[in-house]
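So you know, we letter chains A, B, ... as the sequences are listed, proteins then strands, and number each from 1.
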Amino acid sequence: RLRKWQERIRTKDAGERNLQFALSEIDRMASALGVPRSVREVASVIYRRALDDDLIRGRSIEGVATSALYAACRKEGIPRSLEEISEVSRVERKEIGRTYRYISQELGLEMEPVDPKKYVPRFCSELELSEEVQSKANEIIETTAEKGLLSGKSPTGYAAAAIYAASLLCNEKKTQREVADVAQVTEVTIRNRYQEQIEAMGIHS
Amino acid sequence: MVDPKETINIENVVASTGIGQELDLQSVAMDLEGADYDPEQFPGLVYRTQEPKSAALIFRSGKIVCTGAKSTDDVHESLQIVFGKLRDLNIQVDEDPEIVVQNIVTSADLGRNLNLNAIAIGLGLENIEYEPEQFPGLVYRLDDPDVVALLFGSGKLVITGGKEPDDAKKAVDKIVSRLEELGLLE
DNA sequence: AGTTTACTTTGAAAAGC
DNA sequence: GCTTTAAAAAGTAAACT
């Protein structure tokens, strides 16, 4: 009887320690990403819900914590790509993506697809591009997405191409390499998306 | 426009069967040319047929999995070839082993582009999975028939998880009518 | 700038770790 | 859970030309 009681305490302590570890990891990654406190709070709530629903069984604590943070960034409207998230996590990109899809389904997060426009301010500021370029990029994204060009395309690559196009149109040219580096996509992806977008916008350059 | 059902094409059929006899895979691997057997990596021996093209996974228990065939007829033809090869090795094979189709992968074309973002919302975010950062297709699980459909921006789709060719037809019909009533087709 | 190859997703069975 | 098999869809990445 005493042994059983001790075991319960031990289990409870272990669970408590695991939760503390997860929350501190979320905090560490959030700091590294430079996201506001509200995102960490949302991530913590998602992690606790996953814990309550027993979704961590068979998965790593770090993986679930990272996925919760990825989901929280999106929910708060300041998405980080899986590539960016994986740079501050010790879990690899593919695993974060899988775990995110799993907890998202199980918790019924009903996450909407990421809007490429959400990446425009951050990418443009890293490239030191003007407000004018940002507006132009947003206009390109809005217009071409309405024409159906966005289906199936990665939001970061889509945003990168629009920013590249906008930088040319506003005479603040950035090279494909520069834009590709901040968006963490390849130049080939920018070229492919850029061609489609320019054509759909009826721009001839 | 063409009826999307007429664009349905079977791309792969997976079936299981068994010869009703245990096998010494080590010796089968020696005698059967073209056999790939690496028990450290996977317990099954891989044997590929050329016509019809398929891959058979042969296990110690005598159970066999056939995959890669383009029709249920091809599955039967391929397995007859495998049974024949085993008999050539003086291995007892049941006279007419039962062959069970486990999965059929089909492709189809709705004939018009799809706005996956609108479809994701329309079908209900709780019913679909659409993560273009990870994969360009929208994943839609149906209850009846019990299959999974992958919808692409081009209007092409993949249906998998079905056990008979008819499942794909039913699925395409349901998807088309669902998208039509949502006003998301054409 | 554009090509080739390879990997991402879905489904199912087999035997064994 | 993983391992292996095959095939489609379309996007993206890495490595070349």
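As judged by a 4.0 angstrom heavy-atom cut-off over every strand, Arg57(A) is placed among residues making no nucleic acid contact. At a threshold of 4.0 angstrom between heavy atoms, the contacts of Glu133(B) with the nucleic acid are absent. As judged by a 4.0 angstrom heavy-atom cut-off over every strand, Val148(B) is placed among residues touching the sugar-phosphate backbone only. Residue contacts shown for Gly152(A) are limited to sugar-phosphate atoms, with no base heavy atom under 4.0 Å away. Residue contacts for Thr160(B): at a heavy-atom cut-off of 4.0 Å it reaches a base atom on one of the strands shown. Note on Arg59(A): nothing from the nucleic acid sits closer than 4.0 angstrom, heavy atoms only.
Judged as a salt bridge (charged side-chain N to carboxylate O under 4.0 Å, His left out), and not counting sequence neighbours, Arg98(A) has no contacts. For Asp115(A), the salt bridge (charged side-chain N to carboxylate O under 4.0 Å, His left out) test picks out Lys117(A), with sequence neighbours left out. Remark: Arg141(B) pairs with no residue by the salt bridge (charged side-chain N to carboxylate O under 4.0 Å, His left out) rule, at least two apart or across chains. Residues forming a salt bridge (charged side-chain N to carboxylate O under 4.0 Å, His left out) with Asp36(B) (at least two apart in sequence, or on another chain): Arg48(B).
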Name the pairs: protein N/O against N/O of nucleotides 14-17 of chain C, kept only if under 3.5 Å.
residue	atom	partner	partner atom	Å
dA15(C)	OP1	Ser61(B)	OG	2.5
dA15(C)	O3'	Arg60(B)	NH2	3.2
dG16(C)	OP1	Arg60(B)	NE	3.3
dG16(C)	OP1	Arg60(B)	NH2	2.2
dG16(C)	OP2	Arg60(B)	NH2	3.4

Which pairs, protein N/O on one side and nucleotides 1-4 of chain C N/O on the other, fall under 3.5 Å?
residue	atom	partner	partner atom	Å
dG2(C)	N7	Arg191(A)	NH2	3.0

*Please step through salt bridge (charged side-chain N to carboxylate O under 4.0 Å, His left out) for the pair Arg49(A) and Asp52(A), ending with a clear verdict.*
CA-CA 5 Å; Arg49(A) 286 190 57 201; Asp52(A) 289 343; over 6 Å; no

_Show, in sequence, the C-alpha distance, side-chain angles and deciding distance for Lys174(A) and Glu126(A), and conclude whether the salt bridge (charged side-chain N to carboxylate O under 4.0 Å, His left out) test is met._
CA-CA 12 Å; Lys174(A) 292 294 172 189; Glu126(A) 280 183 50; over 6 Å; no

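Taking every side-chain heavy atom of Val139(B) into account, dT10(C) is the closest of dG11(D), dT10(C), dA6(D). Relative to the side chain of Thr186(A), the nucleotides dA6(D), dG11(C), dA14(D) differ in distance, and dA14(D) lies closest. Closest to the side chain of Thr67(B), out of dT12(D), dA7(D), dA6(D), is dA6(D). In this structure, of dA10(D), dT4(D), dG11(C), it is dT4(D) that holds the atom nearest to the side chain of Gln41(B). Taking only side-chain atoms of Arg98(A), from C-beta outward, the nucleotide of dA13(D), dC2(D), dA9(D) with the closest atom is dC2(D). Taking only side-chain atoms of Lys94(A), from C-beta outward, the nucleotide of dT8(C), dT5(D), dA7(D) with the closest atom is dT8(C).
Annotation: side-chain hydrogen bond (donor to acceptor under 3.5 Å, both in side chains) contacts involving residues 157-170 of chain B, sequence neighbours excluded, comprise Asn103(B)-Thr160(B). Pairs engaging residues 6-21 of chain B under the salt bridge (charged side-chain N to carboxylate O under 4.0 Å, His left out) rule: Glu11(B)-Lys70(B) [sequence neighbours left out]. Every pair passing salt bridge (charged side-chain N to carboxylate O under 4.0 Å, His left out) that includes a residue from residues 120-138 of chain B is listed here, sequence neighbours excluded: Arg74(A)-Glu131(B), Arg101(A)-Glu129(B).
Residues from residues 86-98 of chain B lying near DNA chain C, meaning a heavy-atom separation below 4.0 Å, are absent. A heavy atom closer than 4.0 Å to some atom of DNA chain C occurs in no member of residues 110-122 of chain A.
The phosphate of dT9(C) (OP1 or OP2) has a side-chain N or O of Arg101(A) nearer than 4.0 angstrom. Close to dA7(D), at under 4.0 Å from its OP1 or OP2, lies a side-chain N or O of Lys53(B). Applying the 4.0 Å criterion to OP1 and OP2 of dG11(D), one finds that Arg193(A) has every side-chain N and O outside that range.
Of the two residues near DNA chain D, Ala55(B) and Val185(A), the one whose nearest nucleotide lies more 5' is Ala55(B). In this structure, Lys153(A) and Asp36(B) both approach DNA chain D, and ranking their closest nucleotides by distance from the 5' end singles out Asp36(B).
Judged by the 6.0 Å and 45° rule, Arg80(A) forms no cation-pi pair with Tyr70(A).
Rounded to whole Å, atom P of dG11(D) lies 10 Å from atom NZ of Lys156(B). If you take CD of Glu129(B) and C1' of dT10(C), they are 10 Å apart, rounded to a whole angstrom. Taking atom CD1 on Ile10(B) and atom C1' on dA6(D), their separation rounds to 14 Å, with Å as the unit.
Cluster annotation: Val172(B) and Ile104(B) are assigned to distinct hydrophobic clusters (Ile/Leu/Val/Met/Phe/Trp/Tyr, side-chain heavy-atom contacts under 4.5 Å, transitive).
Of the nucleotides present, none pairs with dA7(D) by Watson-Crick or G-U wobble criteria with both distances under 3.5 Å.
A 6.0 Å sphere centred on CD of Glu199(A) holds no more than 12 heavy atoms belonging to other residues, nucleotides or ligands.
Side-chain N/O atoms of Ser107(B) and base N/O atoms of dA8(D) include no donor-acceptor pair closer than 3.5 Å.
There is no side-chain donor-acceptor pair under 3.5 Å between Ser89(A) and Ser86(A).
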Expected list for residues 41-48 of chain A: side-chain donor-acceptor pairs under 3.5 angstrom, two or more places apart:
residue	atom	partner	partner atom	Å
Ser44(A)	OG	Arg40(A)	O	2.8

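Going from atom CD of Glu110(A) over to atom CD1 of Ile121(B) covers 9.5 Å, rounded to the nearest 0.5 Å.
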